[in-house]
Amino acid sequence: MDPEKRLNRIVADIQAMHIRGAGRIARSAILALQAVAEGSRARDEEAFIKEMNSASRRLLSTRPTAVSLANSVRYLMHRVNSARREGADLERLRSVALAAAEDFIKESKQAIEKIGEIGSRRIRSGDVLLTHCQSDAAAAVMRRAWIEGKKFSVYVTETRPRFQGRKTAALLAREGIPVTVIVDSAARYFMNEVDKVIVGADVISANGALVNKIGTASIASLAHESRTQFIVASETYKFSPETAIGELIVIEERDATEILPKSFLKKYPKISVRNPSFDVTPPEYIDLIVTEKGIIPPQGAIMIIHEMFGTIRPSEILEYQTYRIDEE
Ligand code: RUB
């Protein structure tokens, strides 16, 4: 497919949530940049970088909360920009971009495997789990534990308004795991039966707070109230370096029609709708975060951010801000 068309298709699919989930969004953005690099007709290095920057900005504007998306773009463009600073020519820049894309995809898939392996050690036979939304990382933990022969069951919230829980339920059921689907508001009703809540992450902030699908924070507070363990499964590229320098995560608000039909909204034009897609779970409600580098308490988030991005210096802030959407 023509690279421009491929980019447009991926941008549209992320926006319409045909591609969704923080990890998949990041990998798809990388595939789009790979297509742009491969098909670029730029005549010199500057034109190539300009083309890649413009594709990066378009991708970043699709889901504002997804730090995984920003970090994946940053990962690839940091390698391209560093090569340029070292004097790489056009063909070298292209090959650096393609190698970075391949590495990101390989490493992000390995991270999910590793999270499955590490996280499954925290699941015991007889456990009753509860999960919210659809997360590849959380699913990897449950799948791995099941393959290892542990017997447990899972409550899956349907996850209004987009019902991602149905997909999770189908996925777990296909593995043979006993699954019970509940409405989101029944979480309190069942929480006393639950041993562990396990969810994925869209963002982990520097203070260890979790940004994940709307409803996660209420479930975490219920778990806290009933002394139920709350586990987050998150690849380290979902940790946000911006939050280490005081920025706040932007919470995406989506269209009213995800909640109410158009006809209803038309009939009652005075009714307003708010539809935030994510919420923030404070670190006090989180027992542990399972990453591909090991298990950390939420207070360890800042260490991961420092390890990944270095002690963030002003020059580095500038480099990553190059890809901020509001710079256009
Ligand atoms: C999906 C969601 C998921 C995280 C983690 O939200 O909140 O829990 O993205 O998923 P949306 P993964 O459906 O709005 O994208 O572990 O697969 O990255």
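Just so you know, residue 1 is the first one in the sequence shown, and it goes up from there. Read the numbers this way: they start at 1 and go in the same order the structure lists the ligands and their atoms.
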Cut-off 3.5 Å, side chains only: do Asp287 and Gln229 have a donor facing an acceptor?
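Judged by distance alone, the side chains do not pair up.
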Pairs of donor and acceptor atoms involving the side chains of residues 31-40, under 3.5 Å and at least two apart or interchain, shall be tabulated with distances.
| residue | atom | partner | partner atom | Å |
| --- | --- | --- | --- | --- |
| Ser40 | OG | Ala42 | N | 3.1 |
| Ser40 | OG | Glu51 | OE1 | 3.1 |

ILVMFWY clustering at 4.5 Å (side-chain atoms), partners of Leu260
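Reading the cluster by chain and number, Leu260 sits alongside Ile259, Phe264, Leu265, Tyr268, Ile271, Val273.
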The protein residues that pass the under-4.0 Å heavy-atom test against ligand 1 are Met17, Arg20, Gly21, Ala22, Gly23, Arg63, Cys133, Gln134, Ser135, Asp136, Ala137, Gln164, Ala201, Asp202, Asn212, Lys213, Lys238, Phe278
Salt bridge check: are Asp136 and Arg24 linked by an N-O gap of less than 4.0 Å?
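Between Arg24 and Asp136 there is a salt bridge, with a charged N closer than 4.0 Å to a carboxylate O.
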Would you call Glu148 and Arg144 a salt bridge, taking side-chain N to carboxylate O under 4.0 Å as the test?
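The answer is yes: the pair qualifies as a salt bridge.
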Only counting residues at least two apart or in another chain, list the ones meeting side-chain contact (heavy atoms from CB on, under 4.5 Å) with Asp255.
Thr257
